[in-house]
Every structure is written in structure tokens, then in C-alpha cells.
There are 2 protein chains.
Amino acid sequence: MTFTQNKIASILRHSGYKITPQRRAVLNIISQSHDHLTPAAIYEKVHQQHPRIGLVTVYRTLDILAELGLICEVHSGGSCRSYLMRRPAEHHHHLICSDCGAVIDFTDCDLSNLEQRLAREAHFEIKGHLLEFTGLCRDCRKRMKQKKAAR
Amino acid sequence: MTFTQNKIASILRHSGYKITPQRRAVLNIISQSHDHLTPAAIYEKVHQQHPRIGLVTVYRTLDILAELGLICEVHSGGSCRSYLMRRPAEHHHHLICSDCGAVIDFTDCDLSNLEQRLAREAHFEIKGHLLEFTGLCRDCRKRMKQKKAAR
DNA sequence: TAGTTAATTGAAAATAATTTTCATTTAGCA
DNA sequence: TGCTAAATGAAAATTATTTTCAATTAACTA
Ligand SMILES: [Zn+2]
Ligand SMILES: [Zn+2]
Ligand SMILES: [Zn+2]
Ligand SMILES: [Zn+2]
């Protein structure tokens with residue numbers, strides 16, 4: 001479950017941002033897709049429902065949504081800057097299929113031991129972390145097995 | 001300690017690549033810097049010693065070196081596509097200072113429990129992971145403290 | 001060591017990604 | 001219903017990356 005429309009609207013408003021149809025449209029697209037989407041892909045989809053929207057607005061909207069933590073940026077695998085809807089409240093990470101790009105969330109990263117050790121050893125004050133696993137999703141594994149069997 | 005020049009040359013040659021002065025120069029710059037460098041920054045430095053080198057060659061060289069695992073790509077923090085020398089043989093990760101960009105390596109990530117759990121729950125075949133911590137390095141922490149004290 | 005050849009290079013052009021500028025429009029509020 | 005600051009879209013500007021192609025060169029062979 002993602003944030004509700006209302007919750008999102010309230011967060012935007014409280015941060016001094018207006019709720020515009022364009023911003024709604026971008027949010028809708030991202031929350032409807034389970035995959036991560038590049039700015040260009042988001043633009044394309046939004047554009048179908050909202051032909052007058054500009055790519056610039058998509059970029060600006062993404063910056064705001066990411067800044068507010070409503071969406072998250074995904075890095076692994078080729079293209080930088082893709083976006084995913086953020087699950088509410090909870091810190092989480094992604095499992096990304098290197099074949100089809102499917103994204104699965106997980107929440108219990110439990111890096112606190114590692115974090116403490118590193119902070120101590122490197123005299124770092126750790127503020128955050130980026131953790132992503134890559135591999136093959138269930139479907140892609142199946143597909144590969146079938147291919148192999150067919151040979 | 002990074003790979004020796006010879007080791008690197010041998011890896012390149014075994015993969016069918018030639019050892020050119022340009023490739024040497026790019027490797028030297030990356031291995032001499034402890035920070036991660038963008039393609040543009042690498043180009044700038046290489047260019048000083050090697051004025052006739054083109055940015056295109058830098059891009060092509062980076063692609064090859066990354067493909068062979070001799071350097072690694074760093075993602076966090078603003079600009080995508082920065083490169084760091086890879087420490088030999090061992091799997092490792094980075095601590096990145098969000099203030100000055102300093103990079104510190106660490107090796108013992110020990111994500112195997114998490115990995116197994118995720119593989120089981122999500123039916124994923126996990127092939128790799130991306131883990132980076134961000135925070136403040138020793139020096140930047142000091143600097144901040146001094147600033148605070150001065151107020 | 002000279003000759004051969006496929007890989008590599010650099011310059012320029014092409015393409016793609018992102019940001020800036022600015023005149024016009026609009027959401028949110030009184 | 002106005003008012004106003006924020007947001008928008010179009011176009012231009014900037015930045016990042018890739019492609020193309022003729023000239024050069026590293027590595028191998030005779
Ligand atoms: Zn898949
Ligand atoms: Zn985490
Ligand atoms: Zn620092
Ligand atoms: Zn690891």
C-alpha cells in the first residue's frame with residue numbers, strides 16, 4: 001500500500017507546494033506502475049492522458065517528490081534516475097531483476113551492526129545507506145529453465 | 001593495494017584489448033585518486049598529461065575497464081557515473097562523505113543471511129548487491145563541530 | 001626488424017538528457 | 001470574485017553520451 005492521494009496532497013501542501021493536475025498525473029503514473037520508470041517513460045505515459053504537459057514539468061515534479069521522500073530513485077542496472085512509488089513511513093530497499101527489471105521491496109535490512117562497526121572504524125557519522133540486490137526474479141528464472149530444457 | 005600495472009595489462013590483453021598510452025593514462029589517474037571521479041573529471045586530468053586525448057576515448061576506456069571489473073562505478077550522491085579503482089580480488093563497498101565526497105572502502109558486508117532470506121521469500125536468484133553508506137567523514141565532522149563552536 | 005592488419009584513436013556530428021529562461025497561466029487564499 | 005506567488009510550457013541553452021569515419025598504431029608475423 002502506498003500513501004493515499006490525500007496523504008500525498010497534504011504533504012505537498014504542508015511543504016508549500018501546490019497540487020496541480022500535472023503533479024497528480026505524474027504521481028498516478030508512478031503509483032500505478034510496479035516497475036521503476038525513467039523520467040522519459042513517465043513523461044510518455046503522462047502525456048497520453050495529459051497531452052499538454054511538458055517534459056520539464058515531469059522533471060520538476062520528480063525532483064520535488066523525491067525531495068519529499070514520496071518516491072525513490074533507483075540506480076542499479078543501466079539507466080540512472082528511475083523512480084518508484086515509496087511505501088509509506090517505512091525505510092525499505094529493492095530487489096531488482098537484471099533481466100526484466102521487476103522490482104520487489106523489502107524492509108528489514110538490519111545493517112545496524114555493520115553501521116556501528118563502520119562508524120567506529122572509519123570515524124564516520126553515518127546518515128543513510130543505499131542497498132539493492134540484483135538477480136533473477138521468479139518468472140525470469142522459470143523462463144531460463146524452460147529455455148535450457150528446450151535445448 | 002590495487003592491481004599492479006602488469007596484472008591490469010595482462011587482463012586487458014587476455015580479453016583482446018590493446019594496451020595503449022591513453023588507456024594507461026586513464027588507469028593511472030583513477031588509481032592515483034582516492035576519490036571517485038566523473039568521466040569529465042578524469043578527462044580533465046588525463047588531458048593535462050596527454051593533451052591530444054579525446055573525451056570519447058575516456059568514455060570508451062571507462063566502459064572497458066568497468067566491464068572487466070578493474071574499476072567500479074559509484075552511484076550515490078548527485079552525479080551518476082563516477083569511477084573508482086577496484087581493490088583486487090575482494091568484494092567491497094564504499095562509505096561516501098556527503099559533504100566532501102571522500103570515499104572509504106570496506107569489505108565485510110556480510111549480507112548472506114539477508115540474501116538467503118530474500119531469495120527464499122521472493123523466489124529470487126540473487127546475483128549481486130549494491131551497498132553504500134553515506135554520512136560525514138572524520139574531517140567534515142570536525143569542521144562542523146568547529147563551526148558550531150565558533151558561533 | 002619491416003610489413004600487415006585489426007583495433008584504436010580523435011574530431012566532428014549526432015543524439016540524448018537535463019536545466020534555464022521567460023512570458024503566460026493557475027491554485028490557493030482573502 | 002480578485003490577488004499573488006507558484007507553477008507551467010515552449011524554446012533555447014547546456015551537459016552528457018554515442019556514433020561515424022578517416023587516420024593512426026599496437027601487436028603479431030615473416
Ligand atoms: Zn525478471
Ligand atoms: Zn536499509
Ligand atoms: Zn567529508
Ligand atoms: Zn557486499
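Here is how names work: the chains are called A, B, and so on, in the same order as the sequence lines, proteins then strands, and each is numbered from 1. Keep in mind that the numbers below use all heavy atoms, side chains included, and drop hydrogens, waters and symmetry copies.
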- Message: Just to verify, which of Thr61(A), Val56(A), Leu62(A) counts as forming a side chain to side chain contact (heavy atoms under 4.5 Å, CB included) with Val58(A)?
- Response: Leu62(A)

Given atom [atom1] of [X] and atom [atom2] of [N], what is their separation to the nearest angstrom?
{"X": "Tyr59(A)", "N": "dA13(D)", "atom1": "OH", "atom2": "C1'", "value": "15 Å"}
{"X": "Leu65(B)", "N": "dT8(C)", "atom1": "CG", "atom2": "P", "value": "12 Å"}
{"X": "Arg23(B)", "N": "dA27(D)", "atom1": "CZ", "atom2": "C1'", "value": "13 Å"}
{"X": "Asp63(A)", "N": "dA7(D)", "atom1": "CG", "atom2": "C1'", "value": "14 Å"}
{"X": "Leu12(B)", "N": "dA27(D)", "atom1": "CG", "atom2": "C1'", "value": "14 Å"}
{"X": "Leu55(B)", "N": "dA13(C)", "atom1": "CG", "atom2": "C1'", "value": "14 Å"}
{"X": "Glu44(B)", "N": "dA16(D)", "atom1": "CD", "atom2": "P", "value": "11 Å"}
{"X": "Leu62(A)", "N": "dT8(D)", "atom1": "CG", "atom2": "P", "value": "12 Å"}

- Message: With the threshold set at under 4.0 Å for non-hydrogen atoms, list the residues of residues 45-52 of chain B touching DNA chain C in residue-number order.
- Response: Arg52(B)

- Query: Which of parallel (below 30°), tilted (30 to 60°) and perpendicular (above 60°) describes His93(B) and Phe106(B)?
  - Reply: tilted

- Query: Looking at the side chain of Ile53(A), which of dG9(D), dG10(C), dT18(D) is the nearest nucleotide?
  - Reply: dG9(D)

- Counting side-chain heavy atoms from C-beta on, which of dT18(D), dT18(C), dA10(D) comes nearest to Val56(A)? dA10(D)

- With respect to the phosphate group of dT8(D), does any side-chain polar atom (N or O) of Arg60(A) fall under 4.0 Å of OP1 or OP2? no

- Per-nucleotide protein contact along nucleotides 23-30 of chain C, 5' to 3', at a 4.0 Å heavy-atom cut-off (B base, S sugar-phosphate only, - neither), is ----BS--

